[in-house]
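Bear in mind that the values here come from a model prediction, so they are computed numbers and not experimental data. In what follows, residues are counted from 1 in the order of the sequence shown.
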Amino acid sequence: FPKGDIRRLLTLIAAIDQLGDSATLVQLERATGHNRGTIPADIEKIREQLCVDVVKEGAKYRIENLGPLLKKSGLNKCLRG
């Protein structure tokens with residue numbers, strides 16, 4: 001998806017959720033096609049703009065809470081395309 005497209009963020013959320021304990025920058029880059037250098041900034045946008053609680057523990061990311069705006073079933077559709 002092009003830069004600035006909300007689907008980029010939704011795809012990243014879905015990838016973090018699906019990768020579970022292996023959601024590192026490298027794995028997220030492979031799963032989404034996003035440049036690993038932009039992923040931390042995109043995660044910050046996810047926190048601020050979509051109210052999703054994304055936690056970083058060491059090198060791994062995980063979704064603590066999807067917040068009030070998103071449903072898991074819809075996010076999974078983003079990864080499938």
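In terms of the salt bridge (charged side-chain N to carboxylate O under 4.0 Å, His left out) criterion, Glu48 has no residue partners (sequence neighbours excluded). Checked against side-chain hydrogen bond (donor to acceptor under 3.5 Å, both in side chains), Asp5 has the following partners two or more places apart in sequence or in another chain: Arg7. For Asp53, the side chain to side chain contact (heavy atoms under 4.5 Å, CB included) partners are Val55, Glu64, Asn65, not counting sequence neighbours. Every residue was checked against the salt bridge (charged side-chain N to carboxylate O under 4.0 Å, His left out) condition with Asp21, not counting sequence neighbours, and none meets it.
Between Leu50 and Leu66 there is no side-chain heavy-atom pair separated by less than 4.5 Å. A 4.5 Å side-chain heavy-atom check between Ile13 and Val54 finds every atom pair outside the cut-off.
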Please tabulate, for side-chain N and O atoms in residues 22-31, each donor-acceptor pair with protein atoms closer than 3.5 Å (sequence neighbours left out).
| unit_1 | atom_1 | unit_2 | atom_2 | d |
| --- | --- | --- | --- | --- |
| Ser22 | OG | Leu19 | O | 3.0 |
| Thr24 | OG1 | Gln27 | N | 3.3 |
| Glu29 | OE1 | Arg36 | NE | 3.1 |
| Glu29 | OE1 | Arg36 | NH2 | 3.0 |
| Glu29 | OE2 | Arg36 | N | 3.4 |

Could you list the donor-acceptor pairs under 3.5 angstrom formed between side-chain atoms of residues 38-45 and any protein atom two or more places apart in sequence or on another chain?
| unit_1 | atom_1 | unit_2 | atom_2 | d |
| --- | --- | --- | --- | --- |
| Thr38 | OG1 | Asn35 | O | 2.9 |
| Glu44 | OE1 | Arg47 | NH1 | 3.1 |

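Interatomic distance, CZ of Arg8 versus NE2 of His34, reported as 4.0 Å (0.5 Å rounding). To the nearest 0.5 Å, atoms OG1 (Thr32) and CG (Leu12) are separated by 6.0 Å. Taken from CG in Leu70 to SG in Cys51, the straight-line distance is 9.0 Å, to the nearest 0.5 Å.
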